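For ligands, and for the atoms within them, numbers begin at 1 and follow the listed sequence. Predicted model, so just to flag it, every value in this text is computed and none were measured.
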Amino acid sequence: MENNSRILEVTSLKKYFPVKKGFLKRTVGHVKAVDDIHFYINEGETLGLVGESGCGKTTLGRCILRAIEPSEGSALFKDRKGNHVELTGLDPKQLRAIRRDMQLIFQDPYSSLNPRMTVLNIIGEPLLCNGIAKGDELRERVKRLMELVGLNSRHLERYPHAFSGGQRQRIGIARALATNPRFIVCDEAVSALDVSVQAQILNLLQDLQEQLNLSYLFISHDLGVIQHISDRVGVMYVGKMVEMAETEALFNTPKHPYTEALLSAKPLPDPRAKSKRIILEGEVANPANPPSGCYFHPRCKYAKDICKQKAPEWTEVGKDHYVACHLAGELELQGVHSQ
Ligand code: SF4
């Protein structure tokens with residue numbers, strides 16, 4: 001059923017990449033990059049997505065924007081007229097129209113901006129391409145966007161190399177905002193920046209969210225960043241969502257052993273405090289040939305026989321707290337406050 005406060009509702013989303021072998025390039029298997037994922041994002045909310053590199057979080061973000069075609073599943077998006085649109089069923093023309101509402105902010109502000117274009121052209125391009133503005137009006141809009149993200153609008157004829165890393169990321173944000181979107185996927189948006197600049201960009205994203213009622217899917221491998229910016233957090237492991245909850249609940253009372261291990265590696269605010277880091281044994285599972293049952297079982301210190309035999313179901317164990325673990329109701333796991 002459609003829930004009106006939700007801007008995005010994802011159900012059973014999958015992205016399997018075929019593995020081809022031999023002279024005839026026959027498909028011999030699949031890499032399950034995104035494997036049966038369910039979640040929603042409310043309007044004006046930030047959902048953080050965390051997990052080790054290669055866990056499928058970037059692929060998930062791109063499947064939602066249809067930059068990568070999902071293999072199966074549904075992604076319902078509430079457009080600016082309030083209609084719920086099935087993103088996976090759109091033809092290229094419909095997709096172009098709805099892309100104005102959905103944007104992406106990239107990780108690397110150095111490589112994502114064309115060095116031969118001025119800031120005016122970089123930020124103005126989506127306005128021109130979508131027929132929103134041209135000429136003097138475009139110039140005025142670009143100036144306003146630059147001011148909105150804290151850039152000096154007199155610098156609009158400059159090239160990207162004349163700006164610092166943080167300023168370049170502001171240019172990337174201004175470009176993403178040009179079409180007046182309502183939903184933005186921020187993919188490792190601050191990971192390439194120094195810590196002090198990271199904080200400024202995170203604060204900018206939060207201010208913009210408040211002013212413009214934006215909704216974010218915020219992808220990062222950095223738990224500190226995720227904790228700072230997210231209202232709710234999802235944890236991914238080998239293409240699966242293993243836990244999702246409100247930020248405080250996830251960090252204080254995790255219900256999945258993988259979340260517990262990730263949290264134990266988070267630096268403590270007091271450097272004298274003794275860390276109880278959980279060292280995970282073994283390798284991350286291969287998404288082309290994952291283990292039976294729970295994908296995490298070869299590395300899980302709590303694993304029982306059932307974990308090897310049966311995949312755990314995605315279950316609500318508390319208000320808005322979902323987990324895929326057979327023992328979620330029994331385990332007393334350690335959160336950041338119990339370290
Ligand atoms: Fe560990 Fe079993 Fe839970 Fe998987 S289902 S996380 S193996 S306890």
Participant: How would you list, by chain and number, every residue that makes a side chain to side chain contact (heavy atoms under 4.5 Å, CB included) with F17, sequence neighbours excluded?
Facilitator: K15, V31, A33, T59, I68
Participant: Show me which atoms of ligand 1 lie under 4.0 Å from any heavy atom of H256.
Facilitator: 6 (S)
Participant: Sequence neighbours left out, cut at 3.5 Å: what donor-acceptor pairs do the side chains of residues 319-328 make with other protein atoms?
Facilitator:
from	atom 1	to	atom 2	distance (Å)
D320	OD1	Y40	OH	2.7
H321	NE2	E243	OE2	2.6
Y322	OH	E316	OE1	3.4
H326	NE2	K310	O	2.7

Participant: Here's a test for you: under ring-ring contact (aromatic ring centres under 6.0 Å, His included), which of F296, Y302, Y295 qualifies with Y258?
Facilitator: F296
Participant: First locate atom NE2 of H221, then atom CD of E188, and finally report the distance between them rounded to the nearest 0.5 Å.
Facilitator: 5.5 Å
Participant: Pairs under 3.5 angstrom only: tabulate donor-acceptor contacts from the side chains of residues 146-154 to other protein residues two or more places apart or in another chain.
Facilitator:
from	atom 1	to	atom 2	distance (Å)
E147	OE2	S153	OG	2.7
N152	OD1	R154	N	2.9

Participant: Under 3.5 Å, side chain of R182 to main-chain N/O of K78, donor-acceptor pair present?
Facilitator: yes
Participant: For a distance under 2.8 Å, give residue and atom name for each protein N, O or S atom next to atom 2 (Fe) of ligand 1.
Facilitator: C307 SG
